[in-house]
Number of protein chains: 2
Amino acid sequence: MVDIMVHGNPIPVRERTRRAMRAELTLLAQDLFAAKGYDQTTIEDLVAAAGMSKRTFFRYFTSKEDLVLGKYELLADRLTEAITARPREEPVWESLRRAFDVIVEFFDDERQLARTLAMEKVICANPALSAGELERMARAQEQLADLLRDRMGRPSPADPTPAAIAGAALSCLIAAKKTWIATSQSRPFGELLDEAMAALRPA
Amino acid sequence: MVDIMVHGNPIPVRERTRRAMRAELTLLAQDLFAAKGYDQTTIEDLVAAAGMSKRTFFRYFTSKEDLVLGKYELLADRLTEAITARPREEPVWESLRRAFDVIVEFFDDERQLARTLAMEKVICANPALSAGELERMARAQEQLADLLRDRMGRPSPADPTPAAIAGAALSCLIAAKKTWIATSQSRPFGELLDEAMAALRPA
DNA sequence: CCCGAAGTGCCACCGAGTGCCAAGTGTGCC
DNA sequence: GGCACACTTGGCACTCGGTGGCACTTCGGG
């Protein structure tokens with residue numbers, strides 16, 4: 001069931017069809033990428049399979065990368081939401097860990113697990129995609145750092161600490177994710193993340 | 001003065017001319033990027049200024065990105081060298097901080113300061129370049145994590161800790177660098193790095 | 001029912017990057 | 001000096017991701 005109402009306002013029809021189109025194209029593309037490989041799948045292949053013109057495709061997606069990494073935007077927003085929802089007196093490291101649960105849940109979602117893992121594999125196999133993933137994470141990190149700066153009562157932008165902590169937390173997340181994937185999910189993601197974050201408590 | 005001998009072996013002539021060509025092209029390209037912007041400078045512009053063909057250019061550089069980010073490869077090697085040179089009983093966080101001195105020195109080099117800052121500005125202004133920079137750092141991080149795994153006596157690849165620590169240290173480096181640039185070098189890079197790393201001591 | 005805005009297809013175009021082949025350039029050896 | 005050989009270079013045609021422009025359709029509201 002898709003949300004038709006958000007904050008009491010209806011989402012206009014155009015927007016809904018647009019999202020549906022993006023979702024459909026994303027699924028189709030990811031299947032092609034998983035089957036043939038990212039580089040081996042051209043936009044022409046994709047639009048032929050989808051029955052649309054190349055020009056139209058680029059009205060829905062800004063780039064080929066977007067087909068794989070589009071979800072990260074959404075995830076980053078959910079992350080910042082999650083952290084603002086944490087009590088302000090909570091230690092920041094704890095808040096970060098709890099906020100990361102939204103990411104953990106995303107990766108643990110069994111209905112999507114196979115697809116998610118397939119896309120991670122595609123990303124790892126392609127340096128440009130890996131780079132794009134990191135870049136999107138860096139954007140999230142900046143948002144996070146701003147929130148932390150506020151929360152830690154360190155208003156000075158000349159203080160590198162909030163950015164360092166946000167980056168460190170994301171590094172733990174990445175390390176846990178990589179281990180989780182490399183070990184074929186033999187241990188729960190959340191547990192690995194706990195372990196990584198326990199090794200690095202801010203002073 | 002350029003090194004002609006390395007480890008007692010002479011570098012062959014071809015290799016030397018190749019390096020000289022790369023260095024010259026890099027300087028030329030960076031000047032163009034700084035003047036006109038990265039996206040606005042085409043490879044055609046560059047090779048016209050250098051008096052060579054496009055085809056030849058791509059025999060010296062694998063990509064346009066390489067003109068800006070090529071030095072990172074070298075820097076990563078120097079970093080891993082520096083860390084292997086640290087005593088094994090030293091706490092890893094301390095070893096990392098000391099190893100980072102090679103990076104700090106690179107950025108502090110006054111003869112190159114203007115050029116380095118100009119390139120940082122170019123990188124920041126271009127998402128693809130930022131992504132590439134992060135990707136190269138991630139590669140360095142993997143090397144670092146391997147060294148740490150060894151040094152920490154945690155041989156299991158299922159342990160996310162070494163990667164988390166390596167990532168955290170690099171996050172501190174990045175945070176310090178960003179602050180250093182954002183505040184127009186009003187405080188020494190090394191000092192900002194100390195501050196960032198002090199906030200995040202591994203348990 | 002009509003008007004305007006958004007969506008679409010098509011085509012020409014740009015820039016990065018590659019494969020291929022022919023011509024140039026130097027280096028060592030006889 | 002001349003020959004053979006390895007390496008370098010240039011030019012061309014090509015692929016692919018991505019954009020600009022324009023004409024056409026579709027759809028919703030007054």
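This is a predicted model, so every value here is computed, not measured. A, B, ... follow the sequence lines: proteins, then strands. Residue 1 opens every chain. Quick note: numbers below take in every heavy atom, side chains included, and nothing from hydrogens, waters or symmetry partners.
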Fill in: Intermediate values then yes/no, side-chain contact (heavy atoms from CB on, under 4.5 Å), A/K54 and A/L46
CA-CA 9 Å; A/K54 197 175 74 157; A/L46 174 62; over 6 Å; no
Discussion item. Looking at A/Y38, I'd like to know if the NZ or CZ of A/K64 sits under 6.0 Å from its six-membered ring centre while staying within 45 degrees of the ring's axis.
Written reply: yes
Worksheet item: Counting only non-hydrogen atoms, which of residues 118-139 of chain A are less than 4.0 Å from DNA chain D?
Response: none
Heteroatom pairs (N/O) under 3.5 angstrom, protein to nucleotides 15-17 of chain D:
residue	atom	partner	partner atom	Å
D/dG17	OP1	A/K64	NZ	2.9
D/dG17	OP2	A/I43	N	3.1

Worksheet item: Are any of B/S53's side-chain N or O atoms less than 4.0 Å away from OP1 or OP2 of D/dG10?
Response: yes
Worksheet item: Are any of the side-chain nitrogens in B/K178 or B/E120 under 4.0 Å away from the carboxylate oxygens of its partner?
Response: no
Worksheet item: Over how many whole Å does the gap from B/F61 atom CZ to C/dA16 atom P extend?
Response: 15 Å
Worksheet item: Going by an N to O cut-off under 4.0 Å, is there a salt bridge joining B/K36 and B/D31?
Response: no
Worksheet item: Are any of the side-chain nitrogens in A/E73 or A/R139 under 4.0 Å away from the carboxylate oxygens of its partner?
Response: no
Item to complete: Would you mind classifying the nucleic acid contact of B/Y60 as base, sugar-phosphate or nothing, using non-hydrogen atoms under 4.0 angstrom?
Response: sugar-phosphate
Worksheet item: Would you call A/E94-A/R86 a salt bridge at under 4.0 Å N-O?
Response: no
Protein and nucleotides 19-22 of chain C: nitrogen or oxygen contacts under 3.5 angstrom:
residue	atom	partner	partner atom	Å
C/dG19	N7	B/R55	NE	3.3
C/dG19	N7	B/R55	NH2	2.9
C/dG19	O6	B/R55	NE	2.6
C/dC20	N4	B/R55	NE	3.3

Fill in: Results of ring-ring contact (aromatic ring centres under 6.0 Å, His included) for B/F189 - residues two or more places apart only
B/F107, B/W180
Item to complete: State whether B/R98 and B/E90 are salt-bridged, where the test is any N-O pair (Lys NZ or Arg NE/NH1/NH2 against Asp/Glu carboxylate O) under 4.0 Å.
Response: no
Worksheet, complete the sentence: Rounded to 10°, the angle between the first-five-pair and last-five-pair axes of the helix from C/dC1-D/dG30 to C/dC30-D/dG1 is 10°
Worksheet item: Hey, what do you get for CG (B/L75) to CG (B/L79), rounding to the nearest 0.5 Å?
Response: 7.5 Å
Response to the item:
Here the distance between atom P of C/dC10 and atom CZ of A/F57, to the nearest Å, is 17 Å
Worksheet entry | Straight-line distance of A/D77 CG to A/Q143 CD, nearest 0.5 Å | 6.0 Å
Fill in: Salt-bridge criterion met for A/D66 and A/K71 (N-O under 4.0 Å)
no
Discussion item. Please report the distance, rounded to the nearest Å, between CE in A/M21 and C1' in C/dG7.
Written reply: 9 Å
Worksheet item: Are B/E24 and B/R19 within salt-bridge range, i.e. N to O under 4.0 Å?
Response: no
I'd like a table of donor-acceptor pairs (distance under 3.5 Å, sequence neighbours excluded) in which one partner is a side-chain atom from residues 159-167 of chain A, with atom names and distances.
residue	atom	partner	partner atom	Å
A/D159	OD1	A/T161	N	2.9
A/D159	OD1	A/T161	OG1	2.4
A/D159	OD2	A/R154	NH1	2.7
A/T161	OG1	A/R154	NH1	3.4

